[in-house]
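Note sheet for the following structure.
Every chain is numbered from 1, with letters handed out A, B, ... down the list of sequences. Here the structure is a predicted model, which means the values were calculated and not measured.
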Amino acid sequence: MKPFPKKYKHTDAETQWQARWAEDDAFKWSPDAPAETDYVIDTPPPTVSGTLHVGHVYSYTQADIMARYMRMSGRNVLYPIGWDDNGLPTERLVEKVKKVRGGNMSREEFVALCKEVIPPYEDEFRNLFSRLALSVDWSREYQTISDESRKVSQLSFLDLYRKGLLERRLEPTLWDPADRTAIAQAEVEEIEREGKLNQIPFEIEGGELEPAIIATSRPELIGACGGLMIHPEHPRAKELVGKNAISPLYGVPIPIYAEDTVDPEKGTGIVMCCTFGDVTDIQWYRKHKLPLRVVIDEAGKMKSDLAIGSEGWPSKDVEAAQAIITQLAGLKAEKAKEAILEILKERGLILKQDVTHQVVPVAERSGAPLEIIVTPQWFIKTLDYKDQILEKAREITWRPEYMRQRLESWVEGLKWDWGISRQRHFGVSIPVWYSKRPGEEGKIIVPSPDQLPVDPTSDLPEGYSADDVIGEKDVLDTWATSSVSPQLVTRTVSEDLGKDYETHKRLFPMAMRPQAHEIIRTWAFYTIVKALHHGQSVPWNNISISGWCLASDGSKMSKSKGNVIDPIKLLDEYGSDVVRYWTGTSRLGHDTALSPNTLAQGKRLVTKLWNAIKLAHMAWEQVPEGALAQPSTVKADFAAGLISHPMDQWMLGHLSETVAKATEAFEKYEYAQALRHVEDFFWRIHCDNYLEIVKRRTRFEGVPDAEQTSALYALFHASATITKLFAPFMPFVTETLHDVLWGEGDNAIATIHARGSWPKAEDFIAPDTFRREGDNFVSILAAGRKVKSELQVSMKAPVEVMEVAGLRDSDPNESLARVMGDTALDMEAVMSTQTIVWAHPLSEGLPRAASPDNDFEVALKMAPQEPKSE
RNA sequence: GGGCGUAUAGCUCAGUUGGUUAGAGCGUUACGUUGACAUCGUAGAGGUCACAAGUUCGAAUCUUGUUACGCCCA
């Protein structure tokens, strides 16, 4: 046995074990282990250009607690880690740091700059994750900017393209005017704000009928109006449908249609249909075959040249229309709205203005109100596959289960195919060229899998020269890369495109996906879509959803509130084990406040654990070299008669039950429940009672006798098992203790976190061994403590006679030996009493107290106070 | 508007198929230190389990409704 260190210093332990684990590749997945023991985790790579926050600590630690348990329980865990450095946030960061515009240089040059800027940011994450003791397989660390990652993203593109699940289409697209790029529905956020619903009259051609009064919140789109929609049961529907209205300011004749999807309750019951205000406009456009009239450009500004006055876009007053166009040209949509309202007001064309709460879709990233514009984009087919996506979502086990509904409601509400092309400079290229060769102009050319990764703006397809093709400039949506992390880790996307399909087949689908709930509709959704399209499979069998980390008062952490906690400072102050303990007490899916109280509790636990093991160690230190054999298993040592004392068996029986309960909870991913079982045993059974009881037998000189030997083995097994049970939660302190206990033993395993080191209930003794008698012992002891506490004397205060009576099923023929077995010596030692008697009734006049379970009552006759000697 | 979650001691939370007297930590009160631990120990006080109705021999737990807070979607 190694000597026991004087004091536990978390910083030393953390530094030491981090280095050792890294050196030993301690958490490397083993390809030689049987495939059925594989347990693969799909870790979402964090965006390294963002700042570290406690949320990272929280959700990644939750995953690691499970990973460590799974590994210890015998699974061959593959826990990969990557860094996402491929998206718009990285582009922005690099532009800021290097004071450049990505668009002004070649893609290659920009990527080179990224590779220069990113490493320190990546290091921050690497450092945090390493300090947190995430048991990842560092030999598989990857960057999404790497060739390998880009290759898999492009392979994914090729596979879907070949299967016809991915195509380029010219159609209305969600557009972020601030970042000037197409975006997907998942990147849209709806914000509520106060808006104005304006009632504006449209004259009716011929002049015989009253004007049609429409209600709109987007008057700047009057120029884009292609039709008016009126509910068929509207009182004016009969006279208006089929007529033309004349748009104010522009003088454009606008046909009026009956449309039963118009909400007759809202506004005036007559609405403009424009190119394009929202998804409904697109549906109506398609249904009624309306002409495209685009008035807003890609920057979200009013266009300066509209073909008003042409054949397809006539006007009653072309000059007036052009004057308005000129007046509004170049204004952003919001400004144009104000300007056009001003003009309409001047002309008396605002009949009514209602203040309404409206829901405005904005781009999640830039916060800019969205536009819908028509440009060619690449789409992955999702709308036609809703049912299959839902089916896959149901094949996955969600923890907590109700989180699946988030995905389901999202899928059910999908209105757009997944647009994956982005008009950005930086990112993974869309691997296609468009032919300029006579006779095949516009033909789409894709590279061969061997050619990947390609940049079509600088590379060329086989057999074509630079003059023959135009390379696609757009890049892939960053989710298009993120969503193939399972394929990246398993090396390929599908059988016909894979070089290492055997590995893929072995590892896919993965066992578990840990992630936070705010990325269900994006990351989880996309990953499911990809796995479905590539191989008709789920990407993972389990998904566990973590909640948010909140400030100690339960509010969200935010910079504006100033309540953001720096995770590094948190780790410095408490140590990783304590912070991980806090995570371990949280429940999957639930938000958890960063409570100082829980952190303090963790700190207490680490200290207590340290001291409890120290006690066991001190006992063993007294054993002469070679006097006792190295402990084996509880079961074997019990069978060999080494563990002979009933209270030792009682404690080990409880421990056996704890192992079973903790294992069961972990198998259900209820790690907090597991922690509770372990902590409960450790604190209540082991420290509060067992250690007090066993102390009598831990002091000896020379070779221990039978009951001392029994104590030594019991203490060893308890210590070794308790450290293992706590190991997934507190890897550093448990590793330190494990090293001290086993460091030089024959049965030593290098790390407590090794595969298969989790205790097995079948290696213990039956939980009910001496259970009733031992529990009675503890009850009686509690009653005795209470008497002493009420007398306000120390536990060491000497007692002459301790009287015990059974309260329940009180039987005068019962005896002490029958309720608590042959343990009177132990009770005498803990209570400092000379004798114990079974008394019916208890002597009158003595101080007495009942046990907490009311099964026993104890009276104490204290020994006369000895005069204190000087 | 639709859906989901949460509501238990002063505070933070457990409570696994309904079952004795609802638990833990912090805080609080009293007491206790020469052999693991004062970053401690022992004992005590503290709860109409959000509210209302129902099912049941029995409800924190199941059903329905209400309220408050939070989240997701429209």
Side-chain angles (χ1 to χ4, degrees), chain A residues 4 7-8 10 185-186 188-190 192 263 278-279 357 359 361 400-415 517-521 545 547-548 550 552-556 574-575 578 581-582 585-587 589-619 621-622 661 664-665 668 670 672-677 679-680 683-684 686-692 694-695 698-699 715 719 781-797 808 830 849-850 852-855:
Chain A
F4 205 88
K7 214 173 171 186
Y8 178 62
H10 69 80
Q185 189 183 343
V188 177
E189 198 181 345
E190 281 170 336
E192 280 186 46
D263 182 357
D278 55 25
V279 179
H357 272 286
V359 178
E401 208 267 334
Y402 60 78
M403 282 294 178
R404 190 183 59 224
Q405 291 169 12
R406 295 242 188 139
L407 187 92
E408 287 184 355
S409 68
W410 170 251
V411 172
E412 280 158 7
L414 269 185
K415 293 204 165 62
H517 62 65
E518 76 266 21
I519 49 172
I520 290 176
R521 72 174 186 183
I545 306 290
W548 277 328
L550 305 174
S552 56
D553 61 353
S555 64
K556 268 194 207 172
Y574 291 97
V578 172
Y581 170 85
W582 158 72
T585 62
S586 69
R587 274 166 71 197
H590 288 72
D591 297 347
T592 298
L594 185 59
S595 121
N597 186 15
T598 310
L599 290 166
Q601 206 172 328
K603 217 167 165 178
R604 266 163 35 90
L605 178 61
V606 170
T607 310
K608 190 79 175 175
L609 182 62
W610 182 260
N611 285 304
I613 306 303
K614 188 165 144 195
L615 176 71
H617 196 273
M618 283 168 62
E621 278 171 355
Q622 304 169 113
K661 281 182 176 170
E664 195 188 334
K668 290 191 282 185
E670 288 169 2
Q673 191 66 41
L675 176 57
R676 198 164 276 277
H677 287 307
E679 217 184 328
D680 215 46
W683 219 279
R684 302 272 145 272
H686 191 69
C687 293
D688 289 357
N689 287 297
Y690 178 70
L691 290 184
E692 294 305 325
V694 82
K695 270 178 187 166
T698 58
R699 290 174 207 129
L715 279 170
S719 301
L781 174 57
R785 277 180 170 145
K786 199 166 165 182
V787 179
K788 284 198 166 178
S789 173
E790 280 165 6
L791 289 173
Q792 304 198 340
V793 299
S794 139
M795 277 302 282
K796 292 199 174 71
R808 197 169 299 268
V830 185
D853 55 14
N854 263 330
D855 279 355

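- Taking side-chain N and O atoms only, R676(A) has no distance below 4.0 Å to OP1 or OP2 of A24(B).
- Residue R684(A) is classed as a sugar-phosphate contact, given heavy-atom separations below 4.0 Å to backbone atoms only.
- Looking at which nucleotide of RNA chain B each of R587(A) and K786(A) is closest to, the 5′-most match is held by R587(A).
- Nucleotides C13(B) and U8(B) place their P atoms 9 Å apart, quoted to the nearest Å.
- Using a 4.0 Å heavy-atom distance criterion, D688(A) is classed as a sugar-phosphate-only contact.
- Residues H10(A) and V606(A) fail the side-chain proximity criterion, which asks for heavy atoms closer than 4.5 Å.
- The side chain of Q673(A) sits closest to U16(B) out of G41(B), G32(B), U16(B).
- The phosphate of C26(B) has OP1 or OP2 within less than 4.0 Å of a side-chain N or O from R604(A).
- Taking atom C1' in both U29(B) and G46(B), one finds a spacing of 11 Å when rounded to whole Å.
- The distance between atom CH2 of W582(A) and atom P of C13(B), rounded to the nearest whole Å, is 12 Å.
- Nucleic acid contact for H617(A): none, since no nucleic acid atom lies under 4.0 Å from a heavy atom of the residue.
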Legend entry - Pairing pattern in dot-bracket form [Watson-Crick, G-U; both distances under 3.5 Å; | = partner strand] for RNA chain B: (((((((..((((.....[...)))).(((((.......))))).....(((((..]....)))))))))))).
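- At U42(B), none of the side-chain N or O atoms of Q792(A) fall inside 4.0 Å of OP1 or OP2 (strictly under the cut-off).
- Taking 4.5 Å as the limit, every side-chain heavy atom of W410(A) sits out of range of all side-chain heavy atoms of I520(A).
- The side chain of S789(A) has U42(B) as its nearest neighbour among U12(B), A36(B), U42(B).
- Across the P atoms, A68(B) and G27(B) are found 35 Å apart, a figure rounded to whole Å.
- Closest-nucleotide positions on RNA chain B for T585(A) and E790(A) were compared, and the one nearer the 5' end corresponds to T585(A).
- Distances from the side chain of N611(A) to the nucleotides A74(B), G25(B), C37(B) place C37(B) closest.
- Between L675(A) atom CG and G15(B) atom C1' there is a gap of 15 Å when expressed in whole angstrom units.
- The base of U39(B) lies close enough to the side chain of T607(A) for a donor and an acceptor atom to sit less than 3.5 Å apart.
- Look at the C1' atom in both G15(B) and A52(B): the space between them is 24 Å, to the nearest Å.
- E664(A) has its CD atom 12 Å from the C1' atom of U17(B), to the nearest Å.
- The residue L691(A) sits close to a base: some heavy atom pair falls under 4.0 Å.
- Using a 4.0 Å heavy-atom cutoff across all strands shown, D853(A) reaches at least one base atom of the nucleic acid.
- Atom-to-atom distance recorded for L594(A):CG and S586(A):OG is 11.0 Å, nearest 0.5 angstrom.
- Using a 3.5 Å distance cut-off with no hydrogens or angles, the side chains of D553(A) and S555(A) do pair a donor with an acceptor.
- The heavy-atom pair separating N689(A) from R684(A) by the smallest distance is ND2-O, 3.1 Å.
- Nucleotides A7(B) and U48(B) place their C1' atoms 16 Å apart, quoted to the nearest Å.
- Below 30°, between 30° and 60°, or above 60°: for Y402(A) and H590(A) the angle between ring planes is above 60°, a perpendicular geometry.
- Rounded to whole Å, the P atom of U21(B) lies 28 Å from the corresponding atom of C26(B).
- When all heavy atoms are compared, the tightest approach of H686(A) to A612(A) is CD2-CB, 4.5 Å.
- The side chain of H590(A) lies closest to G5(B) when the candidates are A36(B), C11(B), G5(B).
- Contact annotation: the side chain of R604(A) approaches that of W683(A) to within less than 4.5 Å [non-hydrogen atoms, C-beta and beyond].
- Rounded to whole Å, the distance from CG on L605(A) to P on G41(B) is 11 Å.
- In the interface, the side chain of E692(A) is paired with the base of A36(B) through a donor and an acceptor atom under 3.5 Å apart.
- Within 4.0 Å of E189(A), counting heavy atoms only, lies no atom of the nucleic acid at all.
- Residues R521(A) and R406(A) fail the side-chain proximity criterion, which asks for heavy atoms closer than 4.5 Å.
- Using atom C1' as the reference point in both C57(B) and C72(B), the two lie 42 Å apart (nearest Å).
- K661(A) comes within 4.0 angstrom of nothing in the nucleic acid, heavy atoms only.
- Residue K695(A) places at least one side-chain N or O closer than 4.0 Å to OP1 or OP2 of A36(B).
- Nearest to the side-chain atoms of K608(A) among the listed nucleotides A43(B), U12(B), C37(B) stands C37(B).
- We find the CZ-CE distance between F4(A) and M618(A) to be 10.0 Å, quoted to the nearest 0.5 Å.
- The side chain of W410(A) has A74(B) as its nearest neighbour among A74(B), G35(B), U12(B).
- Between L791(A) atom CG and G44(B) atom P the separation is 14 Å, expressed in whole Å.
- Going from atom CG of D591(A) over to atom C1' of G70(B) covers 8 Å, rounded to whole Å.
- Side-chain nitrogen and oxygen atoms of Q185(A) include at least one within less than 4.0 Å of the OP1 or OP2 phosphate oxygen of A74(B).
- Distance, E401(A) CD to G3(B) P: 17 Å, rounded to whole Å.
- In this structure, W683(A) reaches the G41(B) phosphate: one of its side-chain N or O atoms is under 4.0 Å from OP1 or OP2.
- For the side chain to side chain contact (heavy atoms under 4.5 Å, CB included) test with K661(A), the passing option among R676(A), H677(A), Q673(A) is H677(A); the others fail.
- Separating the CD1 atom of I545(A) from the C1' atom of C71(B) is a distance of 14 Å, rounded to the nearest angstrom.
- Regarding contacts with the backbone of C71(B), a side-chain N or O of K556(A) is found under 4.0 angstrom from either OP1 or OP2.
- When the P atom is compared between G3(B) and A45(B), the two are found 46 Å apart, to the nearest whole Å.
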